[in-house]
Amino acid sequence: GCVIGRGAEFGPGFVLVHSLGVVINGRVRGGRDVKIEHQVTIGAEKRQSPVLGDGVFVGAGAKIIGPVTIGDGAKVGANAVVVHDVPAGCTVVG
């Protein structure tokens, strides 16, 4: 129930809290201690994929699409759709 592209890379401490329905593009890069809940999509747009910093949390159902950077310690709320960069330490919802 989870698809992670062959080339995706995450640092140590990567956790899928609930893996059901997670889809991660093969070009996604993530730092250490990234935590992802169920039904999350982290995908490419025009062959460009997101980069997640260290200590990032992604809530259930969130979508992170395209050439965006999620800064260290940022939190993406449940069902949020992220198409712009998120600064370190920020929380985004909606």
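By the salt bridge (charged side-chain N to carboxylate O under 4.0 Å, His left out) test, D54 pairs with R32, sequence neighbours left out. For N25, the side chain to side chain donor-acceptor pair (under 3.5 Å) partners two or more places apart in sequence, or in a different chain, are S49.
Taking hydrophobic clusters as Ile, Leu, Val, Met, Phe, Trp and Tyr residues chained together by side-chain heavy-atom distances below 4.5 Å, F14 shares a cluster with L52. The hydrophobic clustering, which links ILVMFWY residues whose side-chain heavy atoms are closer than 4.5 Å, places I4 and V76 together.
Identified under the salt bridge (Lys or Arg N to Asp or Glu O under 4.0 Å) test for residues 36-50, with sequence neighbours left out: none. Evaluation of the salt bridge (Lys or Arg N to Asp or Glu O under 4.0 Å) test over residues 2-28, restricted to residues two or more places apart or in two chains, returns none. Judged as a ring pair (Phe, Tyr, Trp, His ring centres under 6.0 Å), not a single pair has a partner in residues 62-94 (not counting sequence neighbours). For residues 72-82, no residue pair satisfies the salt bridge (Lys or Arg N to Asp or Glu O under 4.0 Å) rule, not counting sequence neighbours. Among residues at least two apart or in separate chains, ring pair (Phe, Tyr, Trp, His ring centres under 6.0 Å) pairs with a member in residues 38-83 are H18-H38.
Using a 4.5 Å cut-off between side-chain heavy atoms of Ile, Leu, Val, Met, Phe, Trp and Tyr, L20 forms no hydrophobic cluster with any other residue.
Minimum heavy-atom separation, A8 to I24: CB-CG2, 4.2 Å. Between S19 and L16 the shortest heavy-atom distance is CB-CD1, 4.0 Å.
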Do any side-chain atoms of residues 86-94 form donor-acceptor pairs under 3.5 angstrom with protein atoms, and if so which ones, sequence neighbours left out?
none

With a 3.5 Å cut-off and sequence neighbours excluded, list the donor-acceptor pairs that the side chains of residues 61-70 form with protein atoms.
{"unit_1": "K63", "atom_1": "NZ", "unit_2": "Q39", "atom_2": "O", "d": "3.1"}
{"unit_1": "K63", "atom_1": "NZ", "unit_2": "G61", "atom_2": "O", "d": "3.0"}

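I42 places a side-chain heavy atom less than 4.5 Å from the side chain of I36.
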